[in-house]
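We're numbering straight along the sequence, starting at 1. All values below were derived from every heavy atom in this structure, side-chain atoms included, with hydrogens, water molecules and symmetry-related copies excluded.
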Amino acid sequence: MAKDKIILSDIVERTLLIPNLAVKKPWYKHINWIDQLCATVNLIPSVGDSIAGEIKAITDVAANYQASEFLRKFTTFIYELGDFGDNERILFLKELEESAQDASGNVMLSIIDRLDNIHKQKILANLVRAKGEGKITIEEFFRLESVLQRIPYVDLKQLPLYQTEYYDDNGDSELLYSTGVLRPAVYHQDGDKYVLSPLGVNLMKYGLWLSIEMPQIKGTFTGIAWETVGEVPDIEGVKDIVKKTIEDQRYQESDQAMFDYDVVRGK
């Protein structure tokens, strides 16, 4: 796979630099995406034909299923980028490379390949577009794509429920909380409740392209109530110790303590 990875990273980097990059809507269940991607990389100056040939060779070999599956994801990602401008795309790849301290082709190959559902490519494309438009920083982009990898696709649709305090006993609350997209709103003996964290808000707004309607929460309300404790029982002189401690504290804070201190210093 090492040789394939070198080829694939080159395909990714060169393809993302093609002016007016676009492909037709890919077929998720059929092989049409191969021809679409080959037609796209043919636009790469000088080497397009040879890269298209490499793609054909990779996808024609059953042993190269992993590489073939990546190319299917990559084709979908390109399609979902839509009309993302050339300048914005080039600037994004430059900043991506500087921040990751690695070739942009390697970085994007790794990010795209780790997504376990083909439909997550649209969310990733939305995040790339949000970074290109200055709505999120490159650091936020890396955090959000990392979170996207860890959340099952079926649980992403649960995020809007957490615009208000919510808990789901099916297990998605704990899972989403572990990824950082939720934060505690209420700790309670009858069940904790969660709301979207700033990371979760950004994933909804810029990844899922959903509007956010939730009150701004400052701090965390734990829902823990203090109750008046009854008189402390006199267990082995506890009352005397408490009384002596209080008296000592009051003395240290009194004028008498300062006077005695001056006497000791000879004033």
Open item on the list: Is there a path of hydrophobic side-chain contacts, each under 4.5 Å between heavy atoms of I/L/V/M/F/W/Y residues, joining Leu208 to Tyr153?
Closed with: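 Yes, same cluster.
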Are any side-chain N or O atoms of [X] and backbone N or O atoms of [Y], one a donor and one an acceptor, separated by less than 3.5 Å?
X: Arg150; Y: Ser178; answer: yes
X: Asn117; Y: His119; answer: yes
X: Ser110; Y: Val107; answer: no
X: Thr76; Y: Arg72; answer: yes
X: Lys205; Y: Ile212; answer: no
X: Gln158; Y: Asp155; answer: no

Acceptor/donor pairs from residues 121-130 side chains to any protein atom, 3.5 angstrom cut, sequence neighbours excluded:
{"from": "Gln121", "atom 1": "NE2", "to": "Ile112", "atom 2": "O", "distance (Å)": "3.3"}
{"from": "Asn126", "atom 1": "OD1", "to": "Arg129", "atom 2": "NH1", "distance (Å)": "3.1"}
{"from": "Asn126", "atom 1": "ND2", "to": "Lys122", "atom 2": "O", "distance (Å)": "3.4"}
{"from": "Asn126", "atom 1": "ND2", "to": "Gly207", "atom 2": "O", "distance (Å)": "2.8"}
{"from": "Arg129", "atom 1": "NH2", "to": "Glu80", "atom 2": "O", "distance (Å)": "3.0"}
{"from": "Arg129", "atom 1": "NH2", "to": "Leu81", "atom 2": "O", "distance (Å)": "2.4"}

To the closest 0.5 Å, what do you measure between [atom1] ([X]) and [atom2] ([Y])?
X: Lys131; Y: Glu140; atom1: NZ; atom2: CD; result: 9.5 Å
X: Thr75; Y: Ile118; atom1: OG1; atom2: CD1; result: 8.0 Å
X: Lys120; Y: Arg114; atom1: NZ; atom2: CZ; result: 11.5 Å
X: Thr137; Y: Glu95; atom1: OG1; atom2: CD; result: 8.0 Å

Open item on the list: side-chain contact (heavy atoms from CB on, under 4.5 Å), that's the test. Do Leu115 and Gln149 meet it? Break it down for me.
Closed with: CA-CA 5 Å; Leu115 296 180; Gln149 294 171 30; 3.8 Å; yes
Side chain to side chain, [X] and [Y], heavy atoms closer than 4.5 Å:
X: Glu97; Y: Glu13; answer: yes
X: Phe84; Y: Leu16; answer: no
X: Asp113; Y: Phe74; answer: no

Search all heavy atoms of [X] against all heavy atoms of [Y] and return the closest pair with its distance.
X: Leu93; Y: Ser104; answer: O-CB, 3.8 Å
X: Pro160; Y: Leu210; answer: CG-CD1, 3.8 Å
X: Leu196; Y: Leu159; answer: CD2-O, 3.8 Å
X: Gly180; Y: Ser197; answer: O-OG, 2.6 Å
X: Ala185; Y: Glu165; answer: CB-CG, 3.6 Å
X: Ser173; Y: Leu182; answer: O-CD1, 3.7 Å

Open item on the list: Side chains of Asp168 and Asn170 only: does a donor on one sit below 3.5 Å from an acceptor on the other?
Closed with: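 Yes, a side-chain donor-acceptor pair sits under 3.5 Å.
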- [ ] Start with the C-alpha gap between Val186 and Tyr167, add the side-chain angles, then the distance that decides, and say whether side-chain contact (heavy atoms from CB on, under 4.5 Å) holds.
- [x] CA-CA 10 Å; Val186 175; Tyr167 177 77; over 6 Å; no
Task: Carboxylate-amine/guanidinium contact Lys73 Glu69, below 4.0 Å - done: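 No, no charged N to carboxylate O under 4.0 Å.
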Open item on the list: For a side-chain contact (heavy atoms from CB on, under 4.5 Å) check, start with the C-alpha distance between Leu203 and Leu156, then their side-chain angles and the critical distance, and finish with the verdict.
Closed with: CA-CA 9 Å; Leu203 184 58; Leu156 288 170; 4.2 Å; yes
Open item on the list: Ring centroids only, cut at 6.0 angstrom: are Phe92 and Phe141 within range, meaning strictly under it?
Closed with: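 That pair passes the under 6.0 Å test.
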- [ ] Apply side-chain contact (heavy atoms from CB on, under 4.5 Å) to the pair Met204 and Gln163, showing each step before the final yes or no.
- [x] CA-CA 10 Å; Met204 264 194 65; Gln163 294 178 80; 4.2 Å; yes
Open item on the list: A quick test of your reading: do over 12 heavy atoms of other residues, nucleotides or ligands sit less than 6.0 Å from CD of Glu139?
Closed with: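 Enclosed.
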Task: Tyr166 and Tyr162 aromatic ring geometry - parallel, tilted or perpendicular at 30°/60° bounds - done: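 Judged by the thresholds at 30° and 60°, the geometry between Tyr162 and Tyr166 is perpendicular.
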- [ ] Provide the full list of ring-ring contact (aromatic ring centres under 6.0 Å, His included) pairs with a residue in residues 193-213, sequence neighbours left out, each pair given once.
- [x]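 Passing the test, one end in residues 193-213: Tyr177-Tyr194.
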